[in-house]
Amino acid sequence: MPLNVLIVGAGVAGPALAIFLQGSNPSYNITVLERAPSLRTAGQQIDFKNQAVDVMKKMGILEAVKSLCVHEIGSEIVDSNGKGVASFGITPAGQQGRGLTSEYEIMRGDLVNLLYETSLKQNEKVKQLGKEGGLVYEFGKSLEDLAQDDNGVDVTFSDGQKRRYDIVVAADGYGSRTRRLAFGQEANDEAFKSTGVHAAYYSIPRIEGEGGVAKIYNAHGRRLIVLRPSDRPVTQVLLFTMAEEEKLKKCYKESVEKQKEAFAEIFKDAGWQSDRLLKGLKTCTDLYVNELAQIKMKQLHTGRVVLLGDAGYCPTPFTGMGTLGCFVGAYVLAGELARHGNNVSKAFSAYNETIKTPVEELQKLPSLLGVFLPSSRVGVWILRNLMWAASKFEPLIPRSQGEDPKRWKLPEYPELNLK
Ligand SMILES: Cc1cc2nc3c(=O)[nH]c(=O)nc-3n(C[C@H](O)[C@H](O)[C@H](O)COP(=O)(O)OP(=O)(O)OC[C@H]3O[C@@H](n4cnc5c(N)ncnc54)[C@H](O)[C@@H]3O)c2cc1C
C-alpha cells in the first residue's frame, strides 16, 4: 500500500519534499496543509550554497532558479556618511567567502512559487499516468491536534476535520506547532536556542542611483542595518538588533503596527539612512519579524511524525544555510522512505542518522555573534577596521566552518528515480 502522507507547511521544505516523494513513487497520497489562506510569498533574498545546488539539479529546477536570480553584485560595509569601508564580491556556490553575496540569490517568494508550481506540474503528470496517488494543497487550515499509534497518526485540522495518515511531516517552520504537539512542550522549549538577535525584514521604494551592491551599516547600541536593492524595483531592508530584547519578544504577539513601533523606537537614532528606512517601515505591507533562534532536537522523529527544514534544524539566517537544510532534508527523507519502502521506523532512523553531520555543519555560527553587533561607538570602529582587514587579507578573520562543502558528501539515492 502506498503511504498516505500529511506535510504540514507549504514554505520551502514542504513542497520540496512533495516533489521528491512523487518522483520516487507516483502512488503516494500527499496532502500539504498550509495555515495561510494562500502561499506565503513574503520574505527577502535567500541564497543557495554547496550541496543545495546539487539537490536543485536533482530536482530539475536549477535553470529556473538561475533565471530568477536577483543579480546582487557584492556587498559593502559603510560608515554613517555612506562611505565604503570594506567591500566583498560574489562567492561562487561551492566556495567559501566572507561577503554576503552568493552566486545564486533569489527572492524567497519566487522560490516558494517555483517549488509549488513544480510540484503541481508533476502532479499533473501523475494524473496522466492514471496512478492512484496524488498531491493536494489545502490552504487556510492548520493542524490543531495529533495522536498516534503504531500504525498511523490521527489528526484534527482547525476546521474540525479529523483524518488519519500513515506519516506526518512537520515542515511548519522554526516555530513549528507540529513539533510541540508531537514531542511535547518540554522538548520543544529545550530545542529553541535563541541567539539574542531580533530581526525585521521589509521593502521600501528604491531610490535613484541605488546600485546592485548590498550595503551593511553598524550603529552603536547593538544595531545592524542591511540594504539589498539588487536588481529589484524595491529595496530590501533588514534590521538586526540585540537591544530591548524583552520589548521585542512581547511585540511578536501583538499587531503589525506594534511591531513596527517597537523596531522604529530602537532604530530611530541609528544614523546613515535610518530616516528613510523608518519612513518606509511605517507604510510597508510585507513586514516579517522574528527572534533569530536555532532549533536543536536530540532526535528528528517520534513514532510516525518527523521534522523537516526549519522545524527540525533551523540554523538562523546568519549561517545562510536554511534553504540548504530544507533541500538536503527533503532529498534525504524522500530517499530513505524510498529505500526502506513502507518501513517508516527504519526510514526515519536512517534519515536522522544521515542528516546529522550536514545539520551540525549548517548550524555552525560564528562563536562570538555579538561582536557583529557592538554596543559602543568604539566597538563599531574596531569592527569596521576588522572588516576592512578581512576584505584586504582574507585569512585574517575566521569564517563559518559550515560553509566548507567538503565536510560531508550528499548521499546518492537511485531509488528516487532522478534523471
Ligand atoms: C513569510 C515568511 C517570510 C520569510 N522571510 C525570510 C527572509 O526574509 N529571510 C530569511 O532568511 N528567511 C525568511 N523566512 C524563513 C525561511 O523561509 C526559512 O528559514 C527557510 O526557508 C526554511 O523553510 P521552511 O519551509 O522550513 O519554513 P518556512 O519557510 O518558515 O515555511 C513554513 C510554512 O508553514 C506554515 N505553517 C506554520 N505553522 C503552520 C501550521 N500550524 N499549520 C499549517 N501550516 C503552518 C507557514 O505559514 C509557512 O508557510 C521567512 C519565512 C516566512 C514564512
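Just so it is clear, the model here is predicted, and its values are computed rather than measured. All ligand and atom numbering here is 1-based and tracks the order in the structure.
- The backbone N or O of Arg232 sits less than 3.5 Å from a side-chain atom of Arg206, completing a donor-acceptor pair.
- For atom 9 (N) of ligand 1, the nearest non-hydrogen atom of the protein is Tyr201 CZ, 4.1 Å.
- Counting only N and O atoms by type, the side chains of Ser203 and Gln236 include no donor and acceptor under 3.5 Å apart.
- The backbone N or O of Lys346 lies less than 3.5 Å from no partner atom in the side chain of Ser349, so there is not a single donor-acceptor pair.
- Shown in contact with Gln44 at under 4.0 Å from a heavy atom are these atoms of ligand 1, numbered in order with element: 7 (C), 8 (O).
- The nearest non-hydrogen atom to atom 41 (N) of ligand 1, considering only Ala199, Pro317, Ser142, Ala170, comes from Ser142.
- For the pair Cys326 and ligand 1, a heavy-atom separation below 4.0 Å is found.
- Of all heavy-atom pairs spanning Tyr137 and Ala10, the tightest one is CE2-CB, 4.0 Å.
- Listed by number with element, the atoms of ligand 1 under 4.0 angstrom from any heavy atom of Leu33 are 43 (C), 44 (N).
- With respect to atom 5 (N) of ligand 1, the closest heavy atom belonging to the protein is Gly43 CA, 3.2 Å.
- For ligand 1, the atoms closer than 4.0 angstrom to any heavy atom of Gly173 are 27 (O), 30 (O), 32 (C).
- The nearest heavy-atom contact from the protein to atom 21 (O) of ligand 1 is Val12 CG2, 3.4 Å.
- Using a 3.5 Å distance cut-off with no hydrogens or angles, the side chains of Glu336 and Tyr413 do pair a donor with an acceptor.
- Using a 30° and 60° split on the angle between ring planes, Phe192 and Tyr174 fall in the tilted class, from 30° to 60°.
- Distance check for atom 25 (O) of ligand 1: a protein heavy atom is found below 4.0 Å.
- Residue Ala42 places no N or O, backbone or side chain, under 3.5 Å from any N or O of ligand 1.
- The side chain to side chain donor-acceptor pair (under 3.5 Å) test with Ser230 singles out one residue from His71, Glu105, Gln45, and that residue is Gln45.
- Protein heavy atom at the shortest distance from atom 36 (N) of ligand 1 is Asp172 CB, 3.7 Å.
- For Gln45, no heavy-atom contact with ligand 1 is shorter than 4.0 Å.
- Among Met107, Arg40, Arg108, the residue whose heavy atom lies closest to atom 15 (C) of ligand 1 is Arg108.
- For atom 31 (O) of ligand 1, the closest heavy atom belonging to the protein is Gly11 CA, 3.4 Å.
- The atoms of ligand 1 that sit less than 4.0 Å from any heavy atom of Leu143 are 42 (N).
- Between Asp189 and Gln185, the side chains place a donor N or O and an acceptor N or O closer than 3.5 Å (distance only, hydrogens not considered).
- Considering each of Ala200, Gly325, Ala171, the one bringing a non-hydrogen atom nearest atom 32 (C) of ligand 1 is Ala171.
- Heavy-atom proximity to atom 20 (C) of ligand 1, evaluated over Asp310, Leu324, Thr41, Thr319, is greatest for Asp310.
- Ring pair Tyr217/Trp272 is tilted by interplanar angle, where 30° to 60° counts as tilted.
- Using a distance-only test at 3.5 Å, with no hydrogens or angles considered, a donor-acceptor pair links the side chain of Thr195 to the main chain of Leu292.
- For atom 12 (N) of ligand 1, the closest non-hydrogen atom of the protein is Ile46 CG2, 4.5 Å.
- Under 4.0 Å from ligand 1, not a single heavy atom of Cys314 appears.
- Taking a 4.0 Å cut-off on heavy atoms, Gly322 fails to register as neighbouring ligand 1.
- For ligand 1, the polar-atom distance check against Glu34 finds a nitrogen or oxygen pair separated by under 3.5 Å.
- Considering only non-hydrogen protein atoms, atom 43 (C) of ligand 1 sits nearest to Arg35 N, 3.2 Å.
- Using modelled atom types, no side-chain atom of Gln273 and backbone atom of Gly82 make a donor-acceptor pair closer than 3.5 Å.
- For Gln22 and Asn123, the side-chain atoms include at least one donor-acceptor pair closer than 3.5 Å.
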*Would you sort out whether Phe372 and Phe318 count as a ring pair (Phe, Tyr, Trp, His ring centres under 6.0 Å), showing the intermediate values?*
CA-CA 11 Å; Phe372 295 95; Phe318 280 129; 8.1 Å; no
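- Under a 3.5 Å cut-off, the side chain of Asp172 and the backbone N or O of Arg177 do form a donor-acceptor pair.
- Ligand 1 is never approached by Thr323 to a heavy-atom distance shorter than 4.0 Å.
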